[in-house]
2 protein chains.
Amino acid sequence: MEIIRKNFKDSLSTVYSAIEEADFLAIDGEFSGISDGPSVSALTNGLDTPEERYAKLKKHSMDFLLFQFGLCTFRYDQSESKYLTKSFNFYIFPKPFSRNSPDIKFICQSSSIDFLASQGFDFNKVFRNGIPYLNQEEEAQLREQYEERRNQANGAGTPSFISPSSKGPVNVPDEHKDFINRVIAKVDSLLSNTEKTVDLEPCTGFQRKLIYQTLNWKYPKGLHVETMETEKKERFIQISRVDEEERRRREHEKQEREQEELNDAVGFSRVIHAISKSGKLVVGHNMLLDVMHTIHQFYCPLPEDLNDFKEVTMCVFPRLLDTKLMASTHPFKELITNTSLAELEKQLKENPFKPPRVDFSDGFQSYNTATEQLHEAGYDAYITGLCFISMANYLGSFLTPPRSHISAKSKLIEPFHNKLFLMRIIDIPYLNISGPDLQPKRDHVLYVTFPKEWKTSDLYQLFSAFGNIQVSWIDDTSAFVSLSQTEQVQIAMNTSRYAESYKIQTYAEYIRNKLEARHLNRKWHGDGWVETPYCTSAAVTTSAYAYTHNRALSGKRGFSPSPEETGEANSGVADGNWCDYSNRMDQGSKIKTEAGPAGSARVQTYADVVDSRTAGSWVQSQPTEDSPGDDEKGYDQSNEWPQTSSKKNKKHKKMKTEDSQSSAALFDVPQVW
Amino acid sequence: MEIIRKNFKDSLSTVYSAIEEADFLAIDGEFSGISDGPSVSALTNGLDTPEERYAKLKKHSMDFLLFQFGLCTFRYDQSESKYLTKSFNFYIFPKPFSRNSPDIKFICQSSSIDFLASQGFDFNKVFRNGIPYLNQEEEAQLREQYEERRNQANGAGTPSFISPSSKGPVNVPDEHKDFINRVIAKVDSLLSNTEKTVDLEPCTGFQRKLIYQTLNWKYPKGLHVETMETEKKERFIQISRVDEEERRRREHEKQEREQEELNDAVGFSRVIHAISKSGKLVVGHNMLLDVMHTIHQFYCPLPEDLNDFKEVTMCVFPRLLDTKLMASTHPFKELITNTSLAELEKQLKENPFKPPRVDFSDGFQSYNTATEQLHEAGYDAYITGLCFISMANYLGSFLTPPRSHISAKSKLIEPFHNKLFLMRIIDIPYLNISGPDLQPKRDHVLYVTFPKEWKTSDLYQLFSAFGNIQVSWIDDTSAFVSLSQTEQVQIAMNTSRYAESYKIQTYAEYIRNKLEARHLNRKWHGDGWVETPYCTSAAVTTSAYAYTHNRALSGKRGFSPSPEETGEANSGVADGNWCDYSNRMDQGSKIKTEAGPAGSARVQTYADVVDSRTAGSWVQSQPTEDSPGDDEKGYDQSNEWPQTSSKKNKKHKKMKTEDSQSSAALFDVPQVW
């Protein structure tokens with residue numbers, strides 16, 4: 001269902017009830033750009049910490065506009081054993097709703113716009129017919145304005161008057177005296193005849209102010225004065241003779257009109273509030289940017305600190321699930337070669353997966369996945385939901401007896417809750433929204449600074465004595481260099497002691513310096529640190545509750561994927577060169593044995609994940625290949641996000657499938673699930 | 001004629017010849033926004049210096065995209081005594097032309113976008129079909145890339161090869177060895193059979209690089225290797241067996257293809273180059289932003305310094321004329337009440353003006369001015385041209401004998417050359433592109449700083465002893481206050497000596513402090529100042545010549561409007577409250593007597609314009625009125641640019657018309673014109 005400015009208000013109840021009845025929701029956003037800063041490769045260093053990555057995305061991606069929002073609701077029909085879907089495609093644009101409303105500026109990135117254009121995206125629908133929105137602060141301000149005006153009016157006893165600064169006779173400038181006298185004459189004649197209303201001619205805002213002030217002073221009761229607009233948008237004043245009852249009725253009408261105006265201005269944000277309030281599972285594919293944009297645009301500017309972001313995210317979306325992360329995690333990563341949305345959807349229809357049984361609800365657009373409508377947000381949300389269903393049901397096959405339908409509330413999928421895929425970080429597969437992040441050991445990593453003329457080959461040369469290395473560029477003059485063996489770090493440090501053109505630090509030193517710099521910076525900027533209360537607004541109270549509730553549950557449950565499971569299972573996702581599939585069987589059994597005691601609230605240490613990393617073998621180092629990118633979120637347009645080439649993937653795939661077939665027998669899901 | 005990406009190349013010759021044959025050109029641009037910074041009122045302080053205004057526009061307006069460019073060419077047909085027009089409406093979008101080309105980011109301002117949307121603007125045409133462009137530096141870089149590649153190829157003797165860093169055997173990674181060996185086998189079989197060409201299967205960029213390097217090393221002659229693209233945009237390598245002649249032919253073809261690619265990438269900039277090279281009069285309405293955007297987008301980032309901007313502008317557009325400035329200047333301002341483009345066009349069809357005789361050239365869209373298509377750039381350019389013709393012809397009525405057609409080359413219009421209208425500056429009506437700017441005396445102006453709670457009324461209160469004042473807000477905590485009499489300045493300074501909550505400086509002190517701060521700032525940022533050579537590129541050489549030529553002419557002519565004429569004639573334009581029409585007759589005769597000796601190159605002093613200012617009477621001061629804004633360039637959307645209300649204008653109009661009728665007889669244009 002396409003929803004634009006015109007049909008938004010009438011469609012809202014349909015949207016609300018679709019959310020209400022759904023078992024889970026799938027979302028997707030289309031943006032006017034991806035990165036307004038450095039090249040995407042600099043934006044996504046393979047050794048970013050979660051804090052660094054969040055800071056970069058916040059800085060370089062939030063000035064774009066989320067201008068299409070896809071929502072697909074999925075309700076499971078037990079009797080028919082199938083899902084019924086309702087898909088909504090919202091066009092969004094911050095049309096200023098009045099003269100004084102915020103005039104949003106947003107950035108467009110040519111490559112992203114060009115990419116969407118090539119997909120047939122309809123920009124006219126966005127800019128001419130997009131639904132407006134306000135974030136929570138803007139909504140509060142507007143509400144305050146209305147209330148203030150109302151209170152002033154009540155205090156003055158004359159409902160629609162703006163309270164004048166002086167209560168005495170109005171100081172009317174000479175050139176307006178004639179005009180005001182004519183208005184007074186008209187009012188006098190209104191009061192003495194049988195007409196109830198007189199319309200004044202259109203006039204300027206200043207003249208209207210004079211009229212309000214004059215009438216307020218001369219006729220404190222018995223008049224209703226209101227500014228109206230002609231069809232030509234000229235403003236004029238209408239004066240009505242009213243008794244007390246009539247006055248109250250009009251006042252009531254006016255308040256309702258104002259409430260309606262306020263609702264119109266809040267616009268699309270109401271949909272997000274409804275999603276948030278529902279507390280339902282929200283599924284997305286590679287959804288970190290979608291989540292960040294949604295919060296930034298419809299709730300509040302993103303907080304500086306990653307932990308604050310996690311807090312506000314849990315308030316807005318108490319249960320998230322990222323299908324890209326799920327597909328990149330055991331037991332799926334062994335079966336899935338390409339986790340881009342379109343490819344994933346295709347693979348999840350094939351053996352060993354089963355195409356989900358899904359129908360479109362009456363009156364809703366049906367999508368044909370054979371004729372792709374990729375990059376329409378509503379369609380992308382729809383197939384994201386399909387992917388989730390296929391994967392969830394696949395988990396059911398591990399149960400004894402196997403189950404063909406796994407609900408969105410099943411404990412089987414809880415290990416995937418609130419873990420958002422991190423693009424291209426070598427050793428941290430996801431951002432953990434509801435807990436501390438993985439902290440992989442990086443003591444084989446060196447931080448190297450050098451003249452800006454240096455190229456990757458210079459780094460290879462420099463470290464040629466140390467076998468295979470991996471280079472992660474930070475900027476023109478610095479990079480991380482990962483050595484294959486931690487023991488070599490000290491040797492490298494020693495040999496570089498007298499170097500003049502370049503400088504080497506250990507990763508630990510680098511982090512220490514960075515923290516010190518930040519600390520200095522904080523001191524510099526001010527002493528007091530205000531704790532931002534993100535969860536105070538009414539709209540998110542339910543969600544906040546759900547969050548706590550959720551945590552309590554998972555604590556009680558005493559089960560959650562161990563860091564080893566998810567850490568290991570994903571170490572190969574971000575970079576195909578990095579991992580090794582040869583000791584899967586070991587690790588498979590490790591999951592089983594270690595899964596029990598590990599709790600999600602447990603703080604992860606470097607040591608927790610180091611096993612999986614060092615278990616990886618070192619592929620031959622070589623310059624970055626120019627390979628097909630990931631086609632999601634428009635990243636592919638510049639092809640700057642190298643991934644393993646599909647050829648290579650296929651080779652690995654083969655290994656993987658063999659392995660996973662043998663390991664499948666070993667991988668029995670604990671019964672507590 | 002609508003020109004988009006698809007028909008651009010085929011239309012270019014039509015555009016070129018229209019420019020070639022024209023007597024003058026009219027242009028107009030539509031942008032994705034106006035101001036990304038402070039409110040427009042803060043952006044346009046009534047006492048900005050030209051330097052300040054330029055700096056603000058540069059800082060807050062250049063990140064928007066000029067996405068529609070209107071060009072209307074006007075050729076005078078002597079035999080028919082009428083103009084023939086050709087109108088072009090170009091859609092422009094910086095579509096990245098390759099993976100490595102600049103990925104432009106631009107800002108959209110919601111209010112501007114919403115305004116254009118309400119006018120039926122077609123955003124899909126811009127984003128899907130807009131013509132790309134490069135500025136001069138980007139063009140030079142791309143040309144260099146092509147040349148470098150060619151030189152490398154020639155040096156290596158193997159035309160299409162990228163020169164490998166090593167000349168020895170290529171270091172092929174193990175996993176690619178099989179692949180490369182298969183390629184070598186294919187080439188060997190190509191060389192031994194009768195086929196001329198073999199297509200390899202699509203492969204990654206890294207593999208292609210390996211192939212180039214390997215073949216370059218193994219088969220230095222006799223092969224032509226080229227990367228091609230399948231319909232699915234997959235890249236593959238084609239290898240051909242060639243003799244020397246064939247090789248040269250292919251090389252030549254390739255160079256031509258590259259030149260074509262380069263031309264395509266330069267795209268719309270070629271139209272601007274053609275306009276520039278023609279040296280013809282370019283007419284626009286309120287055209288400062290159009291000129292700034294055009295240079296910024298298609299030539300070079302705007303220089304820091306206003307004088308550098310003037311220099312580069314004269315290189316790109318050697319003769320400019322702003323119809324808004326012309327309409328706001330004697331003898332037109334006395335006859336024209338509203339200088340917004342649409343209103344101006346209407347008034348210039350009425351007595352004493354004559355509707356221009358204009359026809360559309362065969363095959364060109366005809367516009368009907370009765371059914372307005374305002375804010376389509378092509379249409380706006382067209383009616384801007386009409387306005388110019390009407391006003392130019394009106395000047396002919398002052399000649400003895402009167403002439404009904406005044407050409408675009410007439411000396412009569414030279415006084416209006418290269419003076420671009422400045423919005424809302426009280427005492428500087430225009431930016432003088434080809435000379436120093438007016439420096440009005442501002443010694444009745446005070447610079448006041450105060451707590452940010454202060455409102456205009458507090459300032460009125462503070463200066464209540466000094467009669468009427470005029471307040472020009474700078475920001476939350478500072479404003480200019482203009483006193484009605486210069487003698488009061490010292491009194492105000494004395495009484496404020498012990499004030500604690502606010503501080504008063506004279507305008508001269510303010511400027512001095514500002515210059516010192518800037519000087520300090522310069523010192524701070526670096527010692528050496530590089531002089532930017534703006535006129536060095538081939539494309540602007542002609543224009544640069546025309547500029548010098550032009551100046552020489554105007555020097556020889558020994559005539560140009562005196563600062564008094566233009567300064568006085570416009571003192572009322574920017575702010576209706578400011579001026580007085582009562583002593584027009586005096587001033588009319590002053591123009592006549594002083595016009596002779598004043599030369600355009602003469603540096604204007606404060607004293608030059610002070611007469612006109614102090615001649616103004618002081619209208620009653622009062623808070624800013626909420627009045628209809630100027631409907632040009634989208635400024636009106638926020639209504640933040642107050643102008644005299646139309647009511648008031650009408651009153652003045654009446655006075656003006658009476659006055660000008662009597663002064664018309666006195667105003668005889670000097671015969672040197």
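The structure presented is a predicted model; accordingly, all values stated were derived computationally and were not measured. By convention in this document, chain letters (A, B, ...) are assigned in the order of the sequence lines, proteins followed by strands, and residues within each chain are numbered from 1.
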Legend entry - CZ on A:Phe93 to CD1 on B:Ile113, rounded to 0.5 Å: 6.0 Å
Legend entry - B:Ala117 to A:Arg128 - nearest heavy-atom pair and separation: CB-CG, 3.8 Å
Legend entry - Spatial distance of atom CZ (A:Phe127) from atom OG (B:Ser118) [nearest 0.5 Å]: 14.0 Å
Inset, instruction - Give, for atom CZ of B:Phe64 and atom SG of A:Cys108, the distance between the pair rounded to the nearest 0.5 Å. - result: 11.0 Å
Inset, instruction - Please look at A:Asp63 and chain B and tell me whether the side chain, the backbone, both or neither of the residue comes under 4.5 angstrom of a heavy atom of that chain. - result: neither
Inset, instruction - Please answer whether the main-chain N or O of B:Ile104 pairs with a side-chain N or O of A:Ser110 as donor and acceptor at a distance below 3.5 Å. - result: yes
Inset, instruction - With rounding to the nearest 0.5 Å, note down the distance linking CD1 in A:Ile107 to OG in B:Ser32. - result: 11.0 Å
Inset, instruction - Against chain B, label A:Phe121 side chain, backbone, both or neither, depending on which of its atoms sit under 4.5 Å from a heavy atom there. - result: backbone
Legend entry - Atom CD of A:Gln119: over 12 foreign heavy atoms under 6.0 Å: yes
Legend entry - Heavy atoms from other residues, nucleotides or ligands near NZ of B:Lys455 exceed 12 (cutoff 6.0 Å): no
Legend entry - Residue selection (most heavy-atom pairs with chain B, distance under 4.5 Å) from A:Leu65, A:Asp122, A:Asn124: A:Asn124
Legend entry - Residue, of B:Ser457, B:Gly120, B:Gly33, B:Gly130, that accumulates the most heavy atom pairs under 4.5 Å with chain A: B:Gly120
Inset, instruction - Report the distance from atom OG of B:Ser35 to atom NZ of A:Lys105, rounding to the nearest 0.5 Å. - result: 5.5 Å
Inset, instruction - Please say whether more than 12 non-hydrogen atoms of neighbouring residues, nucleotides or ligands are located less than 6.0 Å from CD in A:Glu229. - result: yes
